[in-house]
Amino acid sequence: MPDIFGVIADATRRDILQALLERHLQDEEMSVSEIVGQLEISQPTVSKHLKVLREAELVTVREDGQHRYYSLDPEPLEMVEDFVIPFLSAGFDTEVTVEYLSEDGERVSGPESEDSFEDTGEVLSEEAAAAAERIGRAAAKAEHRVKELVARFRLRD
């Protein structure tokens with residue numbers, strides 16, 4: 001299998017992956033001619049890049065007569081995610097505070113100040129709740145950073 005980072009380093013392949021992602025989210029395939037039309041690049045260029053993406057197992061192909069339909073297989077990109085996320089969350093030791101606001105934006109008391117859990121017992125210990133909050137914020141920060149990086153890669157061309 002080719003180095004996934006080398007495969008996605010090419011801007012045209014990233015554009016193809018982006019087009020296939022849009023279809024993937026709709027649970028649809030995309031023909032070579034649709035990719036050519038959307039990206040406004042030649043059919044031989046698209047075919048060359050699709051071959052590299054197939055070899056990297058980032059796309060699957062279904063043949064129907066003379067037509068080929070491509071689908072995104074995002075699973076190999078998990079390796080990229082696994083590599084990038086530790087860099088995005090390095091040094092994330094900030095204190096998390098939670099404020100509860102009314103619909104008017106005024107600060108109101110939250111569940112901690114009420115006895116809402118007194119009858120059923122505490123849902124999470126304070127330490128577990130704090131850890132869950134930190135994990136959620138780290139995941140959101142990582143997701144945001146990855147989106148920024150993807151956008152930067154697309155803008156380089």
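A quick note: this is a predicted structure, and the numbers were derived from the prediction, not measured.
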(message) Nearest 0.5 angstrom please: Glu40 CD to Asp15 CG, how far?
(response) 11.5 Å
(request) Taking all heavy atoms of Ser47 and all of Val32, pick out the closest pair and write down the distance. (result) OG-CG1, 4.3 Å
(request) Using modelled atom types only, decide if a donor and an acceptor are shared between the side chain of Arg14 and the backbone of Ala9 within a distance under 3.5 Å. (result) yes
(message) What verdict does the side chain to side chain contact (heavy atoms under 4.5 Å, CB included) test give for Ile8 and Leu58, after you've listed the backbone C-alpha separation in whole Å, the side-chain angles of each residue and the deciding distance to 0.1 Å?
(response) CA-CA 10 Å; Ile8 64 173; Leu58 285 166; 4.2 Å; yes
(message) Quick check for you: to the nearest 0.5 Å, what is the distance between Ser71 atom OG and Glu28 atom CD?
(response) 10.0 Å
(message) So for atom CD, which belongs to Gln26, do other residues, nucleotides or ligands contribute more than 12 heavy atoms lying within a distance under 6.0 Å?
(response) yes
(message) With heavy-atom distances below 4.5 Å as the criterion, would you say the side chains of Ile35 and Leu20 are in contact?
(response) yes
(request) Identify the heavy atoms of Arg13 and Asp10 that sit nearest to each other, and give their distance. (result) N-OD2, 3.0 Å
(request) Report the residues that fulfil side chain to side chain contact (heavy atoms under 4.5 Å, CB included) with Ser31, sequence neighbours left out, ordered by chain and then residue number. (result) Ser33, Glu34, Tyr69
(request) Can you see which heavy atom on Gln38 is nearest to which on Ala19, and at what distance? (result) NE2-CB, 3.6 Å
(message) Distance check, rounded to the nearest 0.5 Å: Glu22 atom CD versus Met30 atom CE?
(response) 7.5 Å
(request) Would you give the length of the straight line joining atom CG of Leu53 to atom OG1 of Thr60, rounded to the nearest 0.5 angstrom? (result) 11.5 Å
(message) If I take atom CG from residue Leu72 and atom CD1 from residue Ile16, how far apart are they, to the nearest 0.5 angstrom?
(response) 12.0 Å
(request) Mind listing the closest non-hydrogen atom pair of Pro86 and Asp82 along with its distance? (result) CD-O, 3.1 Å
(message) How long is the straight-line distance from CZ of Arg54 back to CG of Asp73, given to the nearest 0.5 Å?
(response) 14.0 Å
(message) Counting only heavy atoms not in Arg23 (residues, nucleotides, ligands), do more than 12 fall under 6.0 Å from its CZ?
(response) yes
